[in-house]
Protein chains: 2
Amino acid sequence: MKKQVSSAKRSAGVTRQGPEPGYHHGELQEALIAATEAILAEQGAEGFTLREAARRAGVSPAAPSHHFGNAQGLLTEVAIRGYDALADALRAAASGKRSGRDKLHAQGMAYVEFALKHPGRFQMMFANKRLVADDARLRRASKAAGAEFEIIVAELVGGASKPAKAAAAAAWSTVHGFAKLALEEKFGSVKNEAGRREIMITLNQVLNYLWPADGPRQAV
Amino acid sequence: MKKQVSSAKRSAGVTRQGPEPGYHHGELQEALIAATEAILAEQGAEGFTLREAARRAGVSPAAPSHHFGNAQGLLTEVAIRGYDALADALRAAASGKRSGRDKLHAQGMAYVEFALKHPGRFQMMFANKRLVADDARLRRASKAAGAEFEIIVAELVGGASKPAKAAAAAAWSTVHGFAKLALEEKFGSVKNEAGRREIMITLNQVLNYLWPADGPRQAV
DNA sequence: TCATGTAACTTGACACTGTTCAGATTGAGC
DNA sequence: GCTCAATCTGAACAGTGTCAAGTTACATGA
């Protein structure tokens, strides 16, 4: 009886398509991650609660702790996957372009596009205090995403190590700051498609201003 | 008896130096704002709770609602003052310099210095979902701070309206993104003075790279 | 086939949180 | 001196994350 209620709840959640299990869920980690990503997509970073994630996965509030330790652990896992997805997007954006400047340009657009398309997840990825900040895998994933900029920028400034680092920091800072300010509506509404399109036009101007088309920028 | 306990609590809080009041606090708004800023300074944006602010001001958890409506209202007031302080800092930084490029450079440094000096308050200022995002005074204060960049950038690009806007967005985005990434420790530790100094050096390189000394950047 | 141990999950509790509301208290204006 | 609005308290409510202890399911080995 009780179990039926539990099963009913379970199938109403984010879900699995496998056979109805009994006491054991079977794929609880993945279900919780999926539930978390759904919450972040629907309600943003502030909307996430561990209990709601558990509810969607059809388990008790205490269940997640056995797999992720605590809420930070679950969010860390989600953030890691977010960084992986971001790195993929940056790589994909640059792959089609010829010049280093075009690659950087495309990367910048892809970065902000990612942030606008997954605002909740993006905000969470950079909410250090809600994650296990010193988790080795998280740090690696974050570094890998940042390194995508270094790779491209190295082409621009000629591969010199020190100036390249500063130039990569500049590129990352610019697009990250633009994305953050856009999400906080400093550049107008971001809730409708028209607003987002206008924001991307502004970003295009910003990138053209900082990395003009006429020849690559030299390091100082 | 009960009242003595209440008074003792009150004097242990963030405090007022006036005469011991009875039932009425007298300066509760200011006391709550001061308490909130103290919490943000000590514990960061995530550490704030309305109850803790009330505790420090020596009043019951329900008291703040009579002055600020809810927690968002109180935080909004704090954010407004934060934006005012930021605008002041940006203005002061630019005032001493000659060229437009030097002014912009100084503003950028001041922006990140502000963020590193008051991380909790800074993060809260840009946490739209924890504030009354459509509050008129908040929007005005935020816009005023952003306008400090436009004023300086207009000198650089020659005052042309449309390119100036993009250039101002570029400047704001860069320093804001740098500050955010620095606070999330993407550029190394920010907990000790040595780490912060190194970060400011990196910022200096970033600004020199994007706005080089040899002549003002032209609009596209 | 069956006992046993371990991993997965639930139950119930605890200390918090923000907010609401009725009622007590206060000070200012008439 | 009285009235009344502003101010604040106390108690309650629904919700949160986490923990210890109990329950269930499953694999392993005899």
Side-chain angles (χ1 to χ4, degrees), chain A residues 1-10 13 16 18-32 35-36 39 43 45-76 78 124 127 129-132, chain B residues 1-10 13 16 18-32 35-36 39 43 45-76 78 124 127 129-132:
Chain A
M1 172 65 146
K2 236 185 193 171
K3 227 187 258 178
Q4 280 181 349
V5 171
S6 175
S7 288
K9 256 194 197 163
R10 189 165 304 150
R16 349 169 352 267
E20 277 294 319
Y23 204 87
H24 277 210
H25 188 289
E27 311 164 326
L28 187 47
Q29 286 102 326
E30 288 307 318
L32 285 170
T36 299
I39 296 171
Q43 328 223 27
E46 308 287 326
F48 167 84
T49 67
L50 184 59
R51 286 179 112 101
E52 173 65 15
R55 233 170 273 141
R56 296 196 183 203
V59 295
S60 82
S65 77
H66 294 275
H67 295 277
F68 298 101
N70 53 21
Q72 292 190 349
L74 171 54
L75 290 174
T76 298
V78 171
M124 192 60 87
K129 297 217 172 156
R130 306 194 63 180
L131 310 175
V132 184
Chain B
M1 176 62 146
K2 236 186 195 171
K3 225 187 261 177
Q4 281 181 347
V5 171
S6 176
S7 289
K9 257 196 199 163
R10 188 166 303 150
R16 353 173 345 272
E20 276 294 320
Y23 203 85
H24 277 209
H25 188 289
E27 310 165 327
L28 186 49
Q29 287 100 327
E30 288 306 319
L32 285 170
T36 300
I39 295 170
Q43 325 223 27
E46 307 288 324
F48 168 84
T49 69
L50 183 59
R51 286 181 111 102
E52 173 65 15
R55 232 170 273 141
R56 295 196 184 203
V59 294
S60 81
S65 77
H66 295 275
H67 296 276
F68 299 102
N70 53 23
Q72 292 190 349
L74 171 54
L75 290 174
T76 299
V78 170
M124 192 61 85
K129 299 219 171 155
R130 305 195 62 178
L131 311 175
V132 184

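Protein chains get the first letters and strands the later ones, always in sequence-line order, with residue 1 at the start of each. Predicted, not measured: the structure shown is a model, and the values here were computed from it.
- Across A/L28 and A/A57, no two heavy atoms sit closer than the pair CD1-CB, 4.0 Å.
- In this structure, A/S60 and A/A54 approach most closely via the heavy-atom pair O-CB, 3.6 Å.
- The distance from atom CG of B/L32 to atom C1' of C/dG18 is 14 Å, rounded to the nearest whole Å.
- Scanning all heavy atoms of the two residues, the minimum distance from A/E46 to A/R130 falls at CA-NH1, 4.2 Å.
- When side chains are defined from C-beta on, B/V78 does not count as touching B/M124, because their heavy atoms never get closer than 4.5 Å.
- Checking C/dC9, D/dG17, D/dT9 against the side-chain heavy atoms of A/T49 singles out D/dG17 as nearest.
- Between A/H67 and C/dA7 there is no side-chain polar atom (N or O) within less than 4.0 angstrom of OP1 or OP2.
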Exercise for review: Please lay out, stage by stage, how A/F68 and A/T36 fare under the test side chain to side chain contact (heavy atoms under 4.5 Å, CB included).
Suggested key: CA-CA 13 Å; A/F68 298 101; A/T36 299; over 6 Å; no
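- Here the P atom of nucleotide D/dC26 and the CD atom of A/E27 are 14 Å apart, to the nearest Å.
- Of the candidates D/dT9, C/dC9, C/dT17, C/dC9 carries the atom nearest the A/A63 side chain, counting heavy atoms from C-beta on.
- Rounded to an integer number of Å, the gap from A/E46 CD to C/dT17 P is 17 Å.
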Table of protein N/O atoms under 3.5 Å from nucleotides 18-21 of chain D N/O atoms:
from	atom 1	to	atom 2	distance (Å)
D/dT18	OP2	A/A71	N	3.1

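- Note: CD (B/E52) to C1' (C/dG18) measures 14 Å, nearest angstrom.
- Side-chain atoms of B/Q72 come within 3.5 Å of backbone N or O of B/K129 as a donor-acceptor pair.
- As a whole-Å value, the separation of A/L28 CG from D/dA25 P is 16 Å.
- Look at CD1 on B/I39: it is 14 Å from C1' on C/dG18, rounded to the nearest Å.
- The CD1 atom of A/I39 sits 9.5 Å away from the CG atom of A/L32 when rounded to the nearest 0.5 Å.
- One atom, CZ of A/R55, and another, P of C/dC9, lie 18 Å apart when rounded to the nearest Å.
- One can place CD of B/Q43 at 11 Å from P of C/dT17, the figure rounded to the nearest angstrom.
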